[in-house]
There are 2 protein chains.
Amino acid sequence: MTTERPYHHGDLRRAVLDAAVEAITEHGPAGVGLRDLARRVGVSHAGPVHHFKDKAGLLTALAAEGFTLLADALDATVAAGGDIIELGAAYVRFAVEHRAHFEVMFRPDLYHADDPALVEARDRAGAALAGGVADRPDPELASVAAWSLVHGFATLWNTGALSRADRDPVAMVRAFAGSMFLT
Amino acid sequence: MTTERPYHHGDLRRAVLDAAVEAITEHGPAGVGLRDLARRVGVSHAGPVHHFKDKAGLLTALAAEGFTLLADALDATVAAGGDIIELGAAYVRFAVEHRAHFEVMFRPDLYHADDPALVEARDRAGAALAGGVADRPDPELASVAAWSLVHGFATLWNTGALSRADRDPVAMVRAFAGSMFLT
DNA sequence: ACGCAATCTTGTCAGCGTCAAGTTCGCGCT
DNA sequence: AGCGCGAACTTGACGCTGACAAGATTGCGT
């Protein structure tokens, strides 16, 4: 929090990512700009380029971070003995608590979808998700169904399409997930 | 299909909307530009502005058209005596057949979400969707659950997250929707 | 202590969205 | 019939953006 501005920022990469999260949370992924972020952080307009090469590179890093956070959250709930409903609840909780990450993660047209760090994090999250329904009949289909349910609820909630209900979104998903995936 | 180019295009609005659908289908909503569309259609760079005022205005028109098409499709299936499963199948079929419209519709940060024509079309689609589960216990919750399921599947399918399975998406949603919403 | 490479700045370029002003044309009105 | 009025489109300009190139500054290993 030094008022002076040294030539080297210290951790510009982290600062830009945080600023991006803030900007996306406010104005959506479309309303974010490299120069705008540079201004927020207090560096010159081409500062971020050195860390992310591209605008798409920035969003790639954000998406990869998001998938990692999601995988961590899912792994933590299975480690705590959570069942499918808790897994779904964790998914939705992640989506509403990290809306900016979540919105970028599922917009592959915005980033470099073949980035190795990203695909690794994504596969990790996918594995955690699939592991929750492994003991069911036709796990392939059950996996898709469960994922669709929680993902659809999360996106609808985040886009404001469900905003009439002022209930807690995590409680809601627990309610109807419980009535569909009878454990 | 005249090779000459008269000063007045004839139906520029329709042509720009069609070009936008094509461009979005190829490159996603982020990769569309007013000037690019004008070039595709063969008019000068500010031609479309007169019909849509804004870039957001263009996407507003696209979203409104999408909601109207969706409402029509849903109304048609209930008129044909379709149950909830058929309603969900119609939703998914719309999403995959009109991917460009669908992707814009659920990105309110890209358009003017308070446009009267748009909110009317959206409410019409919402009513058609809610009507399908009106006869169930706790229809409020069932509506959200059913919508989440089909919407999540549609978005995951369209983003390519589910592309491993080369099965027909409409058949898939019928399969697991049937196992969850036992009629 | 020195030099190298990473980090950040400055300058520049084409392309974008938006506005203002001019040009061409369809169409209703008399 | 023809005329004029407003809708449709063009042309030109402005500030902004992302991307690139080249220079300035500094931390760090040796």
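Letters go in sequence order (proteins before strands), and every chain restarts at 1.
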- Message: Nearest whole Å is fine: how far is C:dT9 P from A:L34 CG?
- Response: 13 Å
- Item | Residue pairs passing the side-chain hydrogen bond (donor to acceptor under 3.5 Å, both in side chains) test where at least one lies in residues 63-75 of chain B, sequence neighbours excluded | B:R14-B:E65, B:E65-B:H101, B:D72-B:R124, B:D75-B:R124
- In whole angstroms, how far is the P atom of D:dA7 from the NZ atom of B:K53? 15 Å
- Could you check how far CG of B:L12 sits from P of C:dT24, rounded to whole Å? 19 Å
- Message: Heavy atoms only, 4.0 Å cut-off, all strands: where does A:D36 land among base, sugar-phosphate and nothing?
- Response: nothing
- Would you kindly check whether a donor in the side chain of B:R35 faces an acceptor in the base of C:dG17, or vice versa, at under 3.5 angstrom? yes
- Decide ring-ring contact (aromatic ring centres under 6.0 Å, His included) for A:F102 and A:H98; before the verdict, give the C-alpha distance in whole Å, the side-chain angles of both, and the deciding distance to 0.1 Å. CA-CA 6 Å; A:F102 190 76; A:H98 300 85; over 10 Å; no
- Query: Between D:dG18 atom C1' and A:R39 atom CZ, what is the distance in whole Å?
  - Reply: 12 Å
- Query: Quick one: B:D54 CG to C:dG17 P, roughly how many Å, whole number?
  - Reply: 11 Å
- Message: With nearest nucleotide decided by heavy atoms, which residue, A:H50 or A:A46, maps closer to the 5′ end of DNA chain C?
- Response: A:H50
- Ignoring hydrogens and angles, tell me if any N or O in the side chain of B:K55 forms a donor-acceptor pair with the backbone of B:Y111 under 3.5 Å. no
- Task: Give B:G33 one of three labels, base, sugar-phosphate or nothing, depending on what nucleic acid heavy atoms sit under 4.0 Å from its own.
- Result: sugar-phosphate
- Query: Checking all strands, does A:R13 fall into the base, sugar-phosphate, or nothing category for heavy-atom contacts under 4.0 angstrom?
  - Reply: nothing
- Item | Between D:dA7 (P) and B:F52 (CZ): distance, integer Å | 17 Å
- Sidechain-backbone polar pair: A:T60 side chain, A:H112 backbone, donor-acceptor under 3.5 Å: yes
- Base C:dG15 to side chain B:H45, donor-acceptor N/O within 3.5 Å cut-off: no
